[in-house]
Structure formats: structure tokens, C-alpha cells
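In what follows, chains carry the letters A, B, and so on, assigned in the order in which the sequence lines appear, proteins first and then strands, with residues in each chain numbered from 1.
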Protein chains: 2
Amino acid sequence: MKQNNTAAQVTMKDVANVAGVSTATVSRALMMPEKVAHQTREKVDNAIQQTGYIPYLPSRNHKNNQSKILLVMSLDITDPFLTDVIQGIQQTAAEYGYMVLLLGNQQQSIEQASLSPLLNQVDGIILLGANSPLDIHHHDSLPPMVMANEYLPELKLPTIHIDNLTAAFNAVNYLQQIGHRRIACISGPAHLHLSHYRLQGYIQAIQRSGIALEKRYMLSGSLTFETGSTALTQLMSLPQPPSAIFCHSDIMAIGVIHQAKKIGIKIPEELSIVGFDDIALAQYVDPPLTTMAQPRYNIGHQAVLMLLELLQGCPVKSNSVLLDSELIVRESTAKPHS
Amino acid sequence: MKQNNTAAQVTMKDVANVAGVSTATVSRALMMPEKVAHQTREKVDNAIQQTGYIPYLPSRNHKNNQSKILLVMSLDITDPFLTDVIQGIQQTAAEYGYMVLLLGNQQQSIEQASLSPLLNQVDGIILLGANSPLDIHHHDSLPPMVMANEYLPELKLPTIHIDNLTAAFNAVNYLQQIGHRRIACISGPAHLHLSHYRLQGYIQAIQRSGIALEKRYMLSGSLTFETGSTALTQLMSLPQPPSAIFCHSDIMAIGVIHQAKKIGIKIPEELSIVGFDDIALAQYVDPPLTTMAQPRYNIGHQAVLMLLELLQGCPVKSNSVLLDSELIVRESTAKPHS
DNA sequence: ATGAAAGCGCTAACAC
DNA sequence: GTGTTAGCGCTTTCAT
């Protein structure tokens with residue numbers, strides 16, 4: 001008869017009482033069931049059922065320091081690409097019995113002061129993109145961390161990512177292969193390192209083909225529809241508009257397609273577009289998007305595996321795992337007409 | 001002599017030592033700064049700086065039972081609509097100093113046994129959609145909860161949502177207003193209550209106009225591109241295909257648009273489409289989508305406010321807050337041609 | 001205003 | 001195998 005149900009914590013002591021054993025035994029029955037007599041274990045199990053006991057985590061963590069929580073710091077939980085990565089993280093984490101605490105960048109408003117204690121409570125951290133809110137250098141002791149999707153040489157974090165430079169190079173190279181000469185590039189924000197790498201890939205591809213780099217063909221902005229949309233307007237009002245555009249994200253690419261249609265430019269006949277990421281949506285837009293596919297789910301998956309290894313005390317084997325990217329050719333690209 | 005300083009926790013005791021006071025004073029300096037002498041506080045503050053002390057949450061929570069963590073259980077962190085809601089949640093939570101623990105449905109694989117303890121550690125729960133992994137009825141004492149985006153009468157949870165029935169009714173009614181008679185409906189999965197309400201809205205609108213309900217016009221599936229895509233094929237192969245389709249989500253609608261184009265059906269000339277949610281993407285697809293807009297961000301915002309009130313011990317004022325929805329007419333709908 | 005000391009619920013030595 | 005006991009880091013009486 002539990003009358004003390006005013007949200008009163010059922011403690012291990014209660015269980016012990018009901019089972020007629022000591023708290024230590026209850027604890028053992030929970031933690032190392034094989035080290036406790038079969039009979040006793042049954043009594044304890046019953047008592048747990050009866051009382052509705054639930055282990056109180058803070059106390060438990062107190063000792064063994066395991067919260068089974070992984071922190072993910074993500075730039076933007078709204079970005080469909082990152083969302084897929086996070087999905088990979090969550091699913092993999094769940095397989096290993098970990099929960100995922102997701103911190104969006106909006107929450108960077110949370111002051112360091114209140115953030116720090118939290119870091120103390122999680123078992124590991126996954127940085128999804130580099131503009132993390134935490135001033136890593138000012139923390140002496142942080143939980144194990146891995147970085148995903150963006151490589152940041154200065155912090156020597158184990159990282160899982162694609163070769164953004166080569167990927168971008170290949171994307172642009174493809175456009176060149178099918179005959180394009182005037183190729184523009186819409187980059188992500190400068191503070192993201194991946195923007196830098198992708199831009200470099202673009203630049204190298206252009207230069208290698210012996211064509212002069214056109215400053216006016218190189219725009220940048222956030223990885224959003226709007227950026228793509230406005231960038232297109234800008235590009236097409238150039239005296240010599242490009243015949244193809246390489247975008248740093250699919251979302252951007254969709255923005256440019258949208259705007260292109262609006263001002264009556266036919267894709268891919270008059271303008272070729274290639275995106276980046278291969279989000280699910282890419283194949284459903286009109287025309288279906290040619291894009292550099294990233295292994296979205298796998299990035300998340302690998303990141304967790306890597307982090308879990310760190311948690312086990314494994315040394316940081318390789319400092320950076322490279323995943324493959326692949327150009328998916330759909331219908332937003334074609335030979336230049338003119 | 002603790003030489004075991006391999007990432008050793010800096011404890012409050014250390015701070016106390018350095019400051020030359022007792023741990024109790026340090027604790028007070030942190031928790032009720034005004035109750036401690038100005039001088040002492042300075043000494044403590046300095047010591048904290050020097051040692052790099054960070055409060056250890058599990059111990060702190062131990063007593064005052066405040067983790068400052070809100071748990072969000074979401075159906076699908078990949079859904080752009082839910083993602084926007086979550087954004088609203090995170091941002092609002094952050095304003096009030098709360099962090100958000102996000103549990104995707106994939107993580108339902110985590111057994112109750114390991115989930116329950118976690119529930120014990122969070123200050124409150126937001127259910128985003130009803131198919132939550134937790135067997136609410138089997139838990140005696142759960143943290144305060146609110147439900148968002150879906151109304152579930154049986155559990156009497158404070159809920160924040162739109163009137164799905166009326167919204168659907170209005171959407172279908174609009175189609176009727178502009179002249180459509182053969183209107184199909186692609187519903188969400190049956191286990192979501194909102195599918196039920198939206199379907200009812202559709203049914204009532206059809207019936208009120210005196211038209212017979214056509215079973216063959218009523219399809220259902222997951223809220224995905226694929227569902228929309230396959231549903232369209234099915235609908236258009238009917239002897240009397242519909243002239244308009246009401247979809248339970250924008251994603252679905254985009255799927256049907258995609259497929260419609262593929263088989264050469266002109267939108268909106270030959271077929272009108274209306275979606276639901278008004279995700280950002282809706283205005284960027286071709287043609288821009290007419291859709292029933294939900295206040296995505298605000299749903300999350302309100303949910304947090306509501307939950308926070310509960311946490312303060314406020315009684316559940318109204319059991320259900322209704323937010324407004326609004327039909328956004330874009331270019332995927334037009335008068336029927338024939 | 002501050003220190004000493006008693007817990008909080010749990011785990012881990014250490015005995016029996 | 002199981003109970004006793006001593007903490008874990010922190011907050012909070014209760015003295016002073």
C-alpha cells in the first residue's frame with residue numbers, strides 16, 4: 001500500500017526494506033546480478049516491482065560518473081542535412097544505450113557559466129560544425145569530444161568528415177567536363193571551415209582548367225534558400241552571366257532554382273545547377289537536383305562509434321576519418337546550350 | 001595528497017581551501033551571494049577563478065532536484081515542421097536557462113528500464129506528438145508534462161495545438177469555394193490523432209457540400225514524399241480522378257507535385273494541391289504551395305511557457321491552448337479547368 | 001557572517 | 001553471498 005505517493009521518491013532503501021535485505025544488496029542486484037543469490041535477486045526484483053522504484057541518476061552518476069548522455073552541439077537543428085546526421089547519431093547512440101542531448105546554436109545564448117556544469121555531466125560531446133558555443137581553450141577538463149562534418153586542424157579533435165575540397169573540385173570538374181566554362185560558386189558563410197574548403201576546391205578546379213578566376217562569380221552567404229535566391233539574381237544580372245552554378249548546399253541550390261524559374265531561366269537548358277549534401281528533398285524538386293552526396297547518416301554513425309571508443313579509453317587512433325562523397329547526377333545539369 | 005589528478009574534478013573543497021573558508025561558505029557564496037560578506041565573496045570568487053572550479057551537477061541536483069533540463073520527445077527530428085517547433089522550444093527554453101534533451105523516436109528502442117531513470121532527472125517533459133515511447137500510465141510519478149501539436153483527450157495533459165479539424169475543414173472548403181467537386185485527401189498515419197482530426201475536417205467539408213464521400217479519394221500513409229508520390233499515381237489512375245488534393249503535410253504535397261509533373265499533369269491547371277504546415281520550403285517549390293499554415297515556432301514557444309508554469313507549481317489553468325492556423329494561398333491551387 | 005556536521009541516494013570496500 | 005560502513009560533492013540545518 002503506497003500512500004506516500006505525493007511524487008515522493010521511492011528510494012533504494014524502501015526497496016531494501018520491502019525485500020528484507022540491505023541497500024547494498026539491492027544495489028548489487030542491479031549492477032552485478034550474477035554476484036547475488038538467485039533467491040535474493042527474486043526478492044529484490046519483486047520489491048522493485050511493488051515499490052515502483054526507479055534508480056535516481058544523479059546519485060548513481062555521483063559515483064561512477066556515467067550519465068549515458070552524449071551532447072551534440074549543432075549549428076542548426078533546422079538544416080535537413082544536419083538533421084540527417086543527427087538522426088544517425090541518435091540511432092547509433094541508442095543502440096549503445098546512450099541518450100542524446102541536443103544543443104542548438106540558439107542556445108549559445110546560455111552563458112558559459114550555466115553551460116559548463118552541464119558539460120560536466122555528459123559522457124561525451126559531438127561537435128557538429130565548428131562554431132561551437134564553447135570556448136574550448138578555456139576549459140581545462142572537458143569530456144571526450146569528437147567533431148563531425150567539419151575539420152578544424154587547430155583543435156586536434158578526432159574528426160569525421162568528407163574531403164570537402166576534393167568533393168567540390170569534383171563537382172566543378174564535372175561541370176567542366178560537360179562543357180561549362182563560366183561557372184559560378186555560391187559559398188557558405190566564411191566562418192565555416194567547410195565553406196573555405198569547398199571554395200578552394202572550386203578555385204582549384206577553375207584554375208586547373210586554365211580559366212581566369214572571376215571574382216564576380218564567387219558569392220557567399222548563409223546556407224539558405226534566400227542566399228541562393230538573391231545570389232542568382234545577382235549573378236544573372238552580370239554582363240556575362242554564368243552557364244552553371246555550384247552551390248555549397250542543396251538548400252541554396254533550391255533557392256537558385258526557385259528564383260531562376262521566377263525570372264524565366266530554364267534549368268538545365270540555360271543554366272546548370274549543382275548542389276551539395278544530397279538531402280532527401282533533392283530528388284523531389286523540379287528539376288531533380290544534381291548534387292554532391294554526403295553520407296549523412298554514416299557521418300553521425302561514425303561519429304558516435306568514434307566517441308564511444310574514446311570513452312572506453314582507446315587512444316585516438318587516427319585523428320581524422322574521411323568518408324566518401326559521390327556526385328549524383330540528376331536533371332539540373334546539362335551541357336551548355338550556346 | 002591526491003596525486004591522482006588525471007583530469008581530477010576540482011571540488012568545492014579545493015575552492016574552500018584556497019579561499020581559506022569552509023565549503024558551506026563557498027556553497028552559500030554561490031547560491032545566496034547576498035547572505036555572505038562582501039569580502040568573503042571576493043575571496044571565494046578569486047579562488048573559483050584560480051582553481052577553475054565548475055559545480056558538479058549531479059551532486060547539486062541531488063539536493064534541490066533541479067536539472068534545468070527539459071525533455072522533448074519527438075516523433076521525428078527529421079520532419080521540417082517538427083524541427084521548427086523544436087527550434088521554438090529550444091530558443092524559449094534557453095531564455096529561461098533550460099537545456100533541451102531531444103529524444104527522437106528511433107530512441108524508443110531504448111528500453112523503458114533505461115529511460116525511466118532519465119525521466120527522473122529532467123525537470124519537465126514536452127511530448128511532441130502522441131506516440132511517445134513512454135507508457136505514461138505505468139509510471140506513477142512523472143515530471144510535469146505538456147503535449148504539443150497533438151491533442152490526446154485520454155491523458156489529461158495540458159496541450160497546445162491548433163484545431164486540426166477546423167483547419168482541415170477550411171482548407172477543403174477553400175477548394176470547394178473555387179469550384180472543386182472531386183477532392184481527394186491524403187492522410188497521415190492512422191495512429192496519429194491529428195490525422196484523424198484532419199480527416200474528419202475533410203469529411204465534414206465534403207459532406208456539408210452535399211457531395212457523396214468517395215472512399216477511393218481517401219488515402220493515407222506516412223507524412224513523407226513517398227506517400228504523396230505513390231498516392232498521386234493511385235489517384236490519377238482512378239476512372240474519375242480528383243481535380244484537387246488535400247494533403248496532411250507539405251512534404252506529402254511536394255511528393256504529389258513531383259509525381260504529377262513526372263506523369264505530365266499540370267499544376268494547378270489540371271490539379272490543385274493544398275498542403276499543411278507551411279514549412280519554409282513551401283514557398284520555394286514549383287509551384288509555390290498553397291497550404292494551411294501552423295504557427296510552428298509559436299507552438300514550441302507556448303509549450304515551454306506552459307511547462308515552465310507547471311514547474312512553478314501553477315495549477316493547470318486551461319487544459320488546452322488553441323493556436324490559430326491560416327490558409328496561405330499560393331500557386332498550387334486554381335479553379336478547376338473542365 | 002561563518003563553520004561544523006548531518007545528510008541526500010547510491011556504490012564500493014571491507015568484513016563476516 | 002550479504003550486511004556494515006564509509007564516502008561521493010554538495011546543500012543545509014544548527015551552532016557559534
Side-chain angles (χ1 to χ4, degrees), chain A residues 4 7-45 47-48 51-68 114 116-121 141, chain B residues 2 4-45 47-48 51-68 113-114 116-121 141:
Chain A
N4 56 336
Q9 256 295 97
V10 178
T11 135
M12 184 177 270
K13 199 170 179 181
D14 300 328
V15 179
N17 278 132
V18 174
V21 298
S22 75
T23 58
T25 302
V26 177
S27 178
R28 272 189 291 254
L30 259 42
M31 306 296 282
M32 335 113 109
E34 69 286 356
K35 301 290 276 181
V36 83
H38 197 65
Q39 265 202 356
T40 328
R41 196 161 69 237
E42 283 201 339
K43 281 194 295 186
V44 171
D45 285 345
I48 291 182
T51 55
Y53 167 74
I54 293 171
Y56 185 63
L57 254 37
S59 296
R60 177 176 285 190
N61 300 167
H62 210 329
K63 298 296 280 194
N64 69 182
N65 253 350
Q66 273 240 30
S67 61
K68 288 290 189 175
S114 87
S116 295
L118 184 90
L119 301 181
N120 231 284
Q121 208 190 154
S141 123
Chain B
K2 15 177 178 169
N4 56 335
N5 262 12
T6 327
Q9 258 292 95
V10 178
T11 128
M12 185 178 269
K13 199 170 180 182
D14 300 328
V15 179
N17 278 130
V18 174
V21 297
S22 75
T23 58
T25 304
V26 177
S27 178
R28 275 189 288 254
L30 259 42
M31 305 297 283
M32 336 115 110
E34 69 286 355
K35 301 289 276 181
V36 84
H38 197 66
Q39 265 202 356
T40 328
R41 196 160 69 237
E42 283 201 339
K43 282 194 295 185
V44 172
D45 284 345
I48 290 182
T51 56
Y53 168 73
I54 293 171
Y56 186 63
L57 253 39
S59 295
R60 176 176 287 189
N61 300 165
H62 211 327
K63 298 298 279 194
N64 69 182
N65 253 351
Q66 273 240 26
S67 61
K68 288 290 190 177
S114 88
S116 295
L118 184 92
L119 301 181
N120 230 283
Q121 208 188 156
S141 121

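One interatomic measurement links the two molecules: CE of Met32(A) to P of dT11(C), which rounds to 10 Å at whole-angstrom precision. Asn61(A) has its CG atom 21 Å from the P atom of dG7(D), to the nearest Å. What separates NZ of Lys13(A) from C1' of dT4(D) is a distance of 13 Å, to the nearest Å. Here dG3(D) presents its C1' atom at 16 Å from NZ of Lys35(A), a figure rounded to the nearest Å. Separating the CD atom of Gln121(B) from the P atom of dC10(C) is a distance of 13 Å, rounded to the nearest angstrom. Atom-to-atom, CG of Asp14(B) to P of dC10(D) comes out at 9 Å; the value is rounded to the nearest Å. Protein atom CD of Gln66(A) is 12 Å distant from nucleotide atom P of dT11(C), rounded to whole Å. Put simply, CD1 on Ile54(B) is 16 Å from C1' on dC10(D), counting in whole angstrom units.
When the nucleotides dT11(D), dG1(D), dC10(C) are ranked by their closest atom to the side chain of Arg60(B), dT11(D) comes out on top. Out of dT4(D), dT11(C), dT11(D), the shortest distance to the side chain of Met31(B) is found at dT11(D). Among the nucleotides dG3(D), dT12(D), dG9(C), the one closest to any side-chain atom of His62(A) is dG9(C). Checking dG3(D), dT2(C), dA5(C) against the side-chain heavy atoms of Thr40(B) singles out dT2(C) as nearest. Of the candidate nucleotides dC10(D), dC10(C), dT12(D), dC10(C) has the atom nearest to the side chain of Thr11(A). Out of dC14(C), dG3(C), dC10(D), the shortest distance to the side chain of Tyr56(B) is found at dC10(D). Minimum atom distance to the side chain of Ser59(A) is reached by dG9(C), of the listed dG3(D), dT12(D), dG9(C). With dA12(C), dC10(D), dT2(D) as the candidates, the nucleotide lying closest to the side chain of Met12(B) is dC10(D).
Each of Gln39(A) and Ser27(B) lies near DNA chain D, and the nucleotide nearest Gln39(A) is the one positioned closer to the 5' end.
Residue Ala37(B) is in sugar-phosphate contact alone, with no base atom involved, counting any heavy-atom pair closer than 4.0 Å across all strands shown. Heavy atoms of Val21(A) sit under 4.0 angstrom from primed sugar atoms or phosphate atoms, though from no base atom.
In this structure, Thr25(A) reaches the dG3(D) phosphate: one of its side-chain N or O atoms is under 4.0 Å from OP1 or OP2. When the side-chain nitrogen and oxygen atoms of Thr23(B) are compared with OP1 and OP2 of dG3(C), none of them lie within a distance under 4.0 Å.
Results of the side-chain contact (heavy atoms from CB on, under 4.5 Å) test with Tyr53(B) over Val10(B), Val44(B), Val18(B) single out Val10(B) as the only residue that passes.
Using modelled atom types, one side-chain atom of Thr51(A) and one backbone atom of Ala47(A) make a donor-acceptor pair closer than 3.5 Å. Proximity of a side-chain donor or acceptor of Asn61(A) to a complementary backbone N or O of Pro58(B) within less than 3.5 Å is not detected.
Residues Arg60(A) and Pro55(A) come closest through the heavy atom pair NH2-CB, 3.5 Å.
Counting non-hydrogen atoms of other residues, nucleotides and ligands closer than 6.0 Å to CD of Glu34(B) gives a total above 12.
Contact annotation: side chain of Arg28(A) to base of dG3(D), donor-acceptor pair present below 3.5 Å.
The shortest distance between side-chain heavy atoms of Arg28(B) and Thr40(B) does not fall below 4.5 Å.
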